Amino acid sequence: MSKITLSDASKRLPDLVEQAARGEEVIITRGDGAAFKLTPVVKETPRPTFGSARGLVVIGDDFDEPLSDFDAYAP
């Protein structure tokens with residue numbers, strides 16, 4: 001993790017961007033005590049993990065029952 005002041009960061013911005021691109025954490029601090037983290041923006045959307053929708057999908061007990069609206073189409 002790199003911690004650097006805002007005035008130093010303005011002089012070394014290309015280097016700090018490269019550090020963040022490699023996955024290193026870069027913290028830029030301001031004179032009033034505020035701190036900011038430099039992170040890369042991911043271009044591709046993350047894939048959902050297996051089981052991440054567990055408990056969100058509910059299938060009714062009558063799922064396999066024939067629909068009354070389709071009697072005319074039944075053989």
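Small disclaimer: the values here were computed from a predicted structure and weren't measured. All values below come from the heavy atoms of this structure, side chains included, with hydrogens, waters and symmetry mates left out.
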Q: Could you walk me through whether Leu16 and Ile4 pass the side chain to side chain contact (heavy atoms under 4.5 Å, CB included) test, one step at a time?
A: CA-CA 9 Å; Leu16 297 174; Ile4 189 166; 4.0 Å; yes

Q | CG/Asp32: more than 12 non-hydrogen atoms of other groups inside 6.0 Å | A | yes

Q) Do you know which two heavy atoms are closest between Leu38 and Ala20, and how far apart they sit? A) O-CB, 3.7 Å

Q | Check against side chain to side chain contact (heavy atoms under 4.5 Å, CB included), Lys3 and Thr29 | A | CA-CA 7 Å; Lys3 203 171 195 179; Thr29 58; 3.9 Å; yes

Q. Looking at CG of Leu13 and CG of Asp8, how far apart are the two atoms once the value is rounded to the nearest 0.5 Å?
A. 12.5 Å

Q. In this structure, are over 12 heavy atoms from other groups packed under 6.0 Å from Arg22 atom CZ?
A. yes

Q | Val41: hydrophobic cluster co-members (side-chain, 4.5 Å) | A | none

Q | Residue that, paired with Asp15, satisfies side chain to side chain contact (heavy atoms under 4.5 Å, CB included) out of Arg12, Glu18, Lys11 | A | Arg12

Q. When hydrophobic residues are tied together by side-chain contacts of less than 4.5 Å, even through go-betweens, does Ile27 share a cluster with Phe36?
A. no

Q.
Can a side-chain donor-acceptor contact be found between Ser2 and Gln19 if the only test is distance below 3.5 angstrom?
A. yes

